[in-house]
Peer 1: 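If you scroll down you'll find the structure; I have some questions about it.
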Amino acid sequence: MSGDGGWGMPAAPYRGSWRLAGRFWPTVRDDPADAEAVSHRLSVRAGLVRQLAAGLYTVTPIGLRVIQRVEAIIREEMDRIGAQELLMPVMHPAEIWETTGRYGLAEQFRLEDRGGRRMVLAMTHEEIITWHAARELRSYRDLPQSWYQIQTKLRDEPRPKSGMLRVREFTMKDSYSFDVDEPALERSYEAHAEAYARIFDRAGLAWYRVESDVGMMGGSGAHEYMAPSTAGEDMIARSAAGTYAANVELAVSVAVDPEFGDAPTAPEEFATPGIGTIVELGAFTGLPPARLAKSVVLVADAGPVLAIVRGEHQVHEKKIAYLIGAHRAAHPGEVREWFGADPGSLGPVGVDGSAIRIIADSSLATGHYVTGANRDGVHLRGVVLGRDFVAETADIRTVLAGEEAVDGSGPIELVPVIEIGNIFKLGTKYSEPLGARYLDEHGQEHPIIMGSYGIGPARVAMAAIEQGHDEDGIVWPPGIAPFDVHIVLIGDADSDQGRYADALMTDLSDLGLEVVLDDRPALRPGEKFVEADLLGCPLRVTVGKRTLPDGPLEVRMRRTRETSEIPLDGAAEAIRGLWLGMASH
RNA sequence: CGGGGCGUGGCGCAGUCGGGUAGCGCACCCGGCUGGGGGCCGGGCGGUCGGAGGUUCAAAUCCUCUCGCCCCGACCA
């Protein structure tokens with residue numbers, strides 16, 4: 001499911017070529033002190049962005065070219081599937097958000113206008129677009145519709161970080177589909193999935209599509225588009241063959257069973273003085289973690305819960321939350337009151353299931369385990385689920401690298417990723433409360449079935465930097481580079497070389513390439529080369545005194561650093577040929 | 001919101017422990033040399049040390065409060 005480029009054709013609209021002299025292009029020699037992520041460091045150093053405040057960035061003219069190329073690709077591919085661009089306000093009346101119960105969310109910026117009317121700043125636009133749909137779409141004849149916009153969104157992030165990767169104000173492409181029923185939604189969803197594959201391929205990213213969390217509110221399906229990067233905040237689990245891929249928030253796997261040996265006919269007590277952790281217990285018993293059971297006490301609204309996973313696993317917060325709702329860890333005093341022992345010696349045997357809900361991870365269904373005996377310093381061996389204690393079984397564990405994919409496609413690897421997009425079957429989550437309904441051919445009223453689909457253009461750009469850079473700077477994929485060709489002029493603009501470089505820029509532009517000509521006066525050649533490497537356009541052409549009068553012209557590929565020398569005669573066509581060769585791989 | 005770190009010319013930093021006239025590199029300005037990988041020589045401009053209050057003869061340095069930014073965690077596109 002991953003893309004490796006291709007589709008490198010420059011996106012419309014053609015935005016022209018630049019002479020660099022006099023342009024605002026604030027490069028930086030040193031890494032900014034507060035930047036950690038590669039994309040953060042390089043986007044600042046290459047003069048693409050400047051920070052205003054935490055999570056608030058200004059995009060420079062040259063940075064904007066990249067963003068606009070990403071957006072142009074998005075527009076082409078959205079239009080191709082028949083989606084229609086519109087634009088909605090960033091500021092909304094609070095009442096609409098109250099209708100769906102989303103007024104007052106922590107990340108929501110809220111304000112009042114001069115008349116004291118409560119307003120919110122857009123985190124997203126489901127409410128607004130559904131409000132319009134409710135007024136305009138009445139009949140099955142009006143459906144399906146797909147509407148999209150590229151618009152500023154604001155979220156009061158608790159922790160902005162990593163430059164443009166996690167910010168409080170950002171541009172997002174979001175589309176919304178309106179359909180008569182689930183099969184129709186499925187078609188809209190698949191159309192978006194195809195568009196997204198083309199978009200991320202054209203942007204030159206390596207990416208995965210993974211199953212994602214639909215949240216506790218339901219929704220019938222969702223996928224996220226993930227660009228692998230160590231700067232990523234998310235983690236996906238993926239099989240070697242790639243047929244299984246999911247966000248770790250819902251990833252499942254087949255745990256690898258250890259050699260259990262024969263179980264004793266009944267649990268046997270043994271003393272474990274001073275043992276309080278799985279690591280200590282493993283060392284003490286000489287058993288691998290997979291033969292130990294870890295008991296975790298949680299407190300949900302409905303009461304205490306004993307969650308049991310194997311020693312090598314962790315209780316997965318979200319998975320357990322699906323079962324028990326909001327919860328917290330039990331206090332030590334509560335644990336002692338309910339179990340008669342400290343957290344280091346807990347276990348399910350003998351626990352009153354009517355007072356304490358017991359949930360065991362499904363990996364415990366086979367084998368026999370060492371558990372706490374609910375007496376300090378005492379454990380039990382040979383504990384068997386179903387024989388020695390009763391528990392609900394469910395998948396409540398985190399996935400571990402090396403476990404088997406559930407579809408049998410091999411061992412799981414965990415990959416850090418940047419989320420660059422998502423597609424989500426909303427169903428009637430918004431159409432119901434906002435009254436978006438249509439009449440079918442029999443005059444029956446139904447709620448409109450919706451989907452929503454997002455992409456963060458700046459994240460696409462930052463992910464491209466994360467995936468494409470070297471020690472000298474950015475290595476843009478051809479599809480979204482700020483320019484296709486970077487001409488380094490060594491010498492004055494008013495010289496034979498200068499005039500040649502200018503003419504070459506014109507020729508290349510006429511062939512459909514976007515060119516930046518570094519005609520800045522009084523800069524050392526070395527500075528121009530260094531900054532060209534930093535900016536990372538796919539091709540660099542050097543025009544200097546060696547070039548004229550007879551050539552050759554030196555052309556260098558940024559990615560491979562390969563230099564080729566081409567004759568002056570037909571140079572523009574030859575450069576275009578090189579560019580096409582790069583862009584199609 | 002919990003934990004940690006940092007705020008000193010435009011940028012990167014030293015000076016803070018052990019109070020005593022604010023320093024370095026780069027950038028910038030002027031002159032010259034240079035001109036294919038952030039070049040060289042000479043001469044300059046520029047900060048009152050995030051902010052407020054306090055201690056002291058004296059505060060970048062000590063104390064209190066406060067603002068901002070970064071990183072880890074929790075949370076999220």
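Note that these values count all heavy atoms, side chains included, but never hydrogens, waters or copies made by symmetry.
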Peer 1: Using the ring of A:Trp18 (Phe, Tyr or Trp, six-membered ring only), decide whether A:Arg23 places NZ or CZ under 6.0 Å from its centre and within 45 degrees of its axis.
Peer 2: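 A:Arg23 over A:Trp18 ring: yes.
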
Peer 1: Partner of B:C6 by Watson-Crick or G-U wobble geometry, both contacts under 3.5 Å, or none?
Peer 2: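 For B:C6, the partner nucleotide comes out as B:G68, under the 3.5 Å rule.
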
Peer 1: Considering only the P atoms, how many Å lie between B:U48 and B:G10, rounded to the nearest integer?
Peer 2: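 It comes out at 9 Å once rounded to the nearest Å.
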
Peer 1: Ignoring backbone atoms, establish whether A:Lys161 has a side-chain N or O less than 4.0 Å from OP1 or OP2 of B:C76.
Peer 2: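 It does not, given that no N or O in the side chain of A:Lys161 lies less than 4.0 Å from OP1 or OP2 of B:C76.
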
Peer 1: Need one value for A:Ala53: base, sugar-phosphate or nothing, where a base atom within 4.0 Å counts as base even if backbone is also close, heavy atoms only.
Peer 2: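 Sugar-phosphate: the residue A:Ala53, judged by heavy atoms under 4.0 Å, touches backbone atoms but no base.
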
Peer 1: Quantified in whole Å, what is the P atom distance between nucleotide B:A22 and nucleotide B:U16?
Peer 2: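 Approximately 15 Å lies between the P atom of B:A22 and that of B:U16.
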
Peer 1: Taking the six-membered ring for Trp and the single ring otherwise, decide whether the centroids of A:Trp207 and A:Tyr225 are under 6.0 Å apart.
Peer 2: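 Yes - the distance between ring centres of A:Trp207 and A:Tyr225 falls below the 6.0 Å cut-off.
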
Peer 1: NA contact type, A:Val167, heavy-atom cut-off 4.0 Å: base, sugar-phosphate, or nothing?
Peer 2: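 Base, at least one base atom sits under 4.0 Å.
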
Peer 1: How many whole angstroms separate atom NE2 of A:His40 from atom P of B:C69?
Peer 2: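 Rounded to whole Å, this separation is 12 Å.
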
Peer 1: Taking only the P atom of each, what is the distance from B:A59 to B:U21 in whole angstrom?
Peer 2: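 That atom pair is separated by 12 Å.
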
Peer 1: Just checking, is any N or O donor in the side chain of A:Asn422 or A:Tyr196 under 3.5 Å from an acceptor N or O on the other one?
Peer 2: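 No - no donor-acceptor pair under 3.5 Å links their side chains.
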
Peer 1: Distance only, no hydrogens: is a donor on one side chain within 3.5 Å (strictly under) of an acceptor on the other, for A:Tyr57 and A:Arg168?
Peer 2: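 The criterion, which ignores hydrogens and geometry beyond distance, is not satisfied for A:Arg168 and A:Tyr57.
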
Peer 1: Would you mind reading off the distance between A:Arg459 atom CZ and B:C76 atom P, rounded to a whole angstrom?
Peer 2: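 Answer to the nearest Å: 13 Å.
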
Peer 1: Quickly work out the A:Asp234 CG to B:A74 C1' distance and round it to whole Å.
Peer 2: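 For the pair A:Asp234 CG and B:A74 C1', the rounded distance is 14 Å.
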
Peer 1: With sequence neighbours excluded, what pairs up with A:Asp234 under the salt bridge (Lys or Arg N to Asp or Glu O under 4.0 Å) test?
Peer 2: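 Once residues adjacent in sequence are excluded, A:Asp234 has no partner under the salt bridge (Lys or Arg N to Asp or Glu O under 4.0 Å) criterion.
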
Peer 1: Do A:Lys153 and A:Phe170 meet the cation-pi criteria used here (NZ or CZ under 6.0 Å from the six-membered ring centre, within 45° of the axis)?
Peer 2: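 Checked: cation-pi criterion not met.
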
Peer 1: C1' atom, B:U8 versus B:G23: distance in rounded Å?
Peer 2: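 10 Å, rounded to whole Å.
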
Peer 1: Using atom C1' in both nucleotides, what's the gap between B:C41 and B:G19 to the nearest angstrom?
Peer 2: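 These two C1' atoms come out 40 Å apart once rounded.
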
Peer 1: Both distances below 3.5 Å, Watson-Crick or wobble geometry, any strand: find the nucleotide opposite B:G42.
Peer 2: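 B:C30 is the nucleotide pairing with B:G42.
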
Peer 1: Heavy atoms under 4.0 Å, any strand shown: does A:Lys173 hit a base, just sugar-phosphate, or nothing?
Peer 2: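 If one applies the 4.0 Å heavy-atom cut-off, A:Lys173 turns out to touch nothing in the nucleic acid.
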
Peer 1: Any chance you could list the contact pattern along nucleotides 34-40 of chain B? Use B for base contacts, S for sugar-phosphate-only contacts and - for none, protein heavy atoms under 4.0 Å, 5' to 3'.
Peer 2: BBBBBB-

Peer 1: Who does B:C62 pair with, Watson-Crick or G-U, both distances under 3.5 Å?
Peer 2: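 Its partner is B:G54.
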
Peer 1: For A:Asp34 and B:G4, what is the distance between atoms CG and P respectively, to the nearest whole Å?
Peer 2: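 Going from A:Asp34 (CG) to B:G4 (P), I get 21 Å.
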
Peer 1: Within the 3.5 Å criterion, strictly below it, is a donor on A:Glu554 or A:Thr563 matched to an acceptor on the partner's side chain?
Peer 2: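 On atom types as modelled, these side chains do not qualify, holding no pair under 3.5 Å.
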
Peer 1: Does B:C17 pair with anything, Watson-Crick or G-U wobble, both distances under 3.5 Å, and if so, with which nucleotide?
Peer 2: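 Per the H-bond distance test, none.
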
Peer 1: Once you round it to whole Å, what is the distance between P of B:A74 and NZ of A:Lys318?
Peer 2: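 In whole Å, B:A74 P lies 11 Å from A:Lys318 NZ.
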
Peer 1: Measure CG/A:Asp156 against C1'/B:C1 and give the value in whole Å, please.
Peer 2: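 Result: 12 Å.
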
Peer 1: For atom C1', what is the distance between B:G12 and B:C28, given to the nearest Å?
Peer 2: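 One C1' to the other, the span is 16 Å.
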
Peer 1: Quote, to the nearest angstrom, the P distance that separates B:G5 from B:C62.
Peer 2: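 One P to the other, the span is 15 Å.
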
Peer 1: Determine the interatomic distance between C1' on B:G54 and the same-named atom on B:C13; round to the nearest Å.
Peer 2: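 The same atom, C1', in both gives a distance of 30 Å.
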
Peer 1: Measuring to OP1 and OP2 of B:C75, would you say a side-chain N or O of A:Arg155 lies under 4.0 angstrom away?
Peer 2: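 A:Arg155 to B:C75 OP1/OP2: no side-chain N or O under 4.0 Å.
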
Peer 1: Which residues satisfy the side chain to side chain contact (heavy atoms under 4.5 Å, CB included) test with A:Ser177, sequence neighbours excluded?
Peer 2: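 A:Ser177 satisfies side chain to side chain contact (heavy atoms under 4.5 Å, CB included) with A:Ser146, A:Asp179, A:Leu185, A:Ser188, A:Tyr453 once adjacent residues are dropped.
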
Peer 1: Let me spell it out: for each of A:Gly421 and A:Gln51, pick the nucleotide of RNA chain B with the closest heavy atom. Which residue's pick is nearer the 5' end?
Peer 2: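 On the 5' side of the pair lies A:Gln51.
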
Peer 1: Need the pair for B:G73. Rule: Watson-Crick or G-U wobble, both distances under 3.5 Å, any strand; none if unpaired.
Peer 2: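 With both distances under 3.5 Å, B:G73 matches B:C1.
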
Peer 1: If pairing requires Watson-Crick or G-U wobble contacts with both distances under 3.5 Å, which nucleotide is the partner of B:G25?
Peer 2: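 Partner of B:G25: B:C11.
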
Peer 1: Using atom CG of A:Asp30 as one end and atom P of B:A14 as the other, report the distance to the nearest whole Å.
Peer 2: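 After rounding, the gap between these two atoms is 13 Å.
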
Peer 1: Quick one, A:Phe200 and A:Val460 - any side-chain contact, counting heavy atoms below 4.5 Å?
Peer 2: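 They are in contact (side-chain heavy atoms under 4.5 Å apart), so the answer is yes.
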
Peer 1: Rounded off to whole Å, could you give me the CZ-to-C1' distance for the A:Arg159 and B:C72 pair?
Peer 2: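 Spelled out: CZ on A:Arg159 to C1' on B:C72 is 6 Å.
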
